[in-house]
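Please read the structure below before turning to the comments.
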There are 2 protein chains.
Amino acid sequence: MKAARKSTEEKLLLAARRLFCRAGIHATGISQILEEAGVARRSLYTHYGSKENLLKAVLHTEASMWFHWFDLDLPSLKCSTKDRILALFDLLENWFEKEDFFGCVFINAVAESEKDSAWVKDVAGAYRDQIIERLRVLVIESGARDPEIVTQKLGLIIEGAIITAMVTQNSQAARIARLAAQDVLRCMECSARESEHSVLSATGISRGSFHASSNGGGNLIIGSEA
Amino acid sequence: MKAARKSTEEKLLLAARRLFCRAGIHATGISQILEEAGVARRSLYTHYGSKENLLKAVLHTEASMWFHWFDLDLPSLKCSTKDRILALFDLLENWFEKEDFFGCVFINAVAESEKDSAWVKDVAGAYRDQIIERLRVLVIESGARDPEIVTQKLGLIIEGAIITAMVTQNSQAARIARLAAQDVLRCMECSARESEHSVLSATGISRGSFHASSNGGGNLIIGSEA
DNA sequence: CGAACAGTAGACTGATCAGTCTACTTTCAT
DNA sequence: ATGAAAGTAGACTGATCAGTCTACTGTTCG
């Protein structure tokens, strides 16, 4: 592929994506982005207007990656739907192996944003819904008896893989996730309806008041009313 | 329980924990913590010396919560080891239901910290190892054939549950995670060794060069060399 | 040619933040 | 009672950050 010379917008987007993920969004200054992108200060503001808008653009490109996987990469595979679902974890492994993988921009952005209100949660949530929807289509196509539950299980495993890969800096998380997904798919049509009774409520621990005692300096009980 | 009057340290710790999780660590100012805690500026610095040390203390209390679960809550249950493992997800559900649950401090802290170097990753990683170790003990006790894989699967599901709960603001993530964990435990002694071959390498998509095309303003290909 | 356009370089502003410092008040054990 | 310890109130400092502004450079195309 004859890679065209990167436009100023592309350079900014790539630098921002990389730095936001590697060092955090709040911790990344405009000047760092400019230096990494090799672009003048004014260019950033003519193209994006603000740091917030730049972040929105970065979130958009991250979503595009996922859509590409679901809409182009996976459909091109000549295999069963179940294998297509499992192939998603191979794509994840590719992603984790990149030297500039530092977690998912969506998750990281939500993690460091205001959880009440804040547009970040809504934007990231909307993209997440679109991704889960594509996953749901695959699950339904695979003939799952309870597609909604299976979809949510797989979505949760994907998010777990991303976090594990970020925290441990090890792409092997994708393989573990793949194996867990295999277990879910294998149990997909098991006869026995899963028992949902809580062991907790049936035995001892009271709900709604758990404790955290610190063993080091200064005792603390979390969750007890004053 | 006759709750003792909260000490200044406790008040600071609780306020910091809450605000760090709800609004992010970088975004939370010292003044906000002081206001939430109802404590004077100077007291924070006599007790903790810096914002960084306060964060370390918060991470410590979060770890204490997990240790309490594994070392006191779960062992007190009169049930099989597998049910004890599943009960962990009931504890998670309790946690997620709290009105001041805004994700896991460990994960959030790593998500917004520098991924190269940075003490945060090491501290959080060390606590994570201790938690996983306790999980491993349970898994071994349950008689898993390959305890290491099962432990990592469950750890990954736990992390997925935390992120899903944070992003969706819905404690139901714990139940989904519980069901996924049940699948893993059910498949624990399955005869067939899990096939690990990558669908990707066997079919079409080349590893190490995936693309993300944006469909909105400005096209962008991520991962292509210049 | 020359005007419009896109980008560079870097000084500047106002706001905010972590951390320090001074002066005052409360609590409580001897 | 009193003196020390612990806490409050809030001004202050130096650094940093997002965003603006002015002046300059190169390129393109009519």
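We use all heavy atoms of the structure for the numbers below, so side chains are in, but hydrogens, waters and symmetry mates are not. Just so we're clear, the structure is a prediction, and the values are computed from it rather than from any experiment. Just so it is clear: chains get the letters A, B, ... in the order the sequence lines come, proteins before strands, and each one is counted from 1.
Panel note: side chain A/Lys51, backbone A/Thr28; a donor-acceptor pair is recorded below 3.5 Å. In this structure, B/Glu36 contributes its side chain and B/Leu19 its backbone to no donor-acceptor pair below 3.5 Å. Formation of a donor-acceptor pair under 3.5 Å by the B/Ser113 side chain with backbone atoms of B/Val120 is not found in this model.
Near DNA chain D, meaning a heavy atom under 4.0 Å from it, residues 27-45 of chain B has B/Gly38, B/Val39, B/Ala40, B/Arg41, B/Arg42, B/Ser43 in order of number. Interface residues of residues 111-124 of chain A facing DNA chain C, ordered by number: none; criterion, heavy-atom separation under 4.0 Å.
Among the heavy atoms of the strands lying under 4.0 Å from B/Ser50 are primed sugar atoms or P, OP1, OP2 only; no base atom is included.
Look at NZ on B/Lys51: it is 8 Å from P on C/dG19, rounded to the nearest Å. A straight line from CD of A/Glu10 to P of C/dG7 spans 12 Å, rounded to a whole angstrom. Look at CG on B/Leu54: it is 10 Å from P on C/dG19, rounded to the nearest Å. Here the P atom of nucleotide C/dC5 and the NE2 atom of A/His47 are 14 Å apart, to the nearest Å. In this entry the distance linking CD1 of A/Ile25 with P of D/dC17 reads 16 Å, nearest Å. Counting to the nearest Å, the P atom of D/dA18 and the CG atom of A/Leu12 are 14 Å from each other.
Put simply, the side chain of B/Arg178 does not reach to within 4.5 Å of the side chain of B/Leu92, judged on heavy atoms. A heavy-atom distance below 4.5 Å is found between the side chains of A/Leu74 and A/Leu77. Two residues are said to be in side-chain contact when any heavy atoms from C-beta on lie closer than 4.5 Å; A/Met65 and A/Thr61 fail this criterion. Residues A/Leu54 and A/Ile30 fail the side-chain proximity criterion, which asks for heavy atoms closer than 4.5 Å. In this structure the side chain of B/Lys6 reaches within 4.5 angstrom of the side chain of B/Leu14, judged on heavy atoms.
Side-chain nitrogen and oxygen atoms of B/His26 include none within less than 4.0 Å of the OP1 or OP2 phosphate oxygen of C/dC17.
By the 6.0 Å contact criterion, CD on A/Gln32 is enclosed, its count of non-hydrogen atoms from other residues, nucleotides or ligands being greater than 12.
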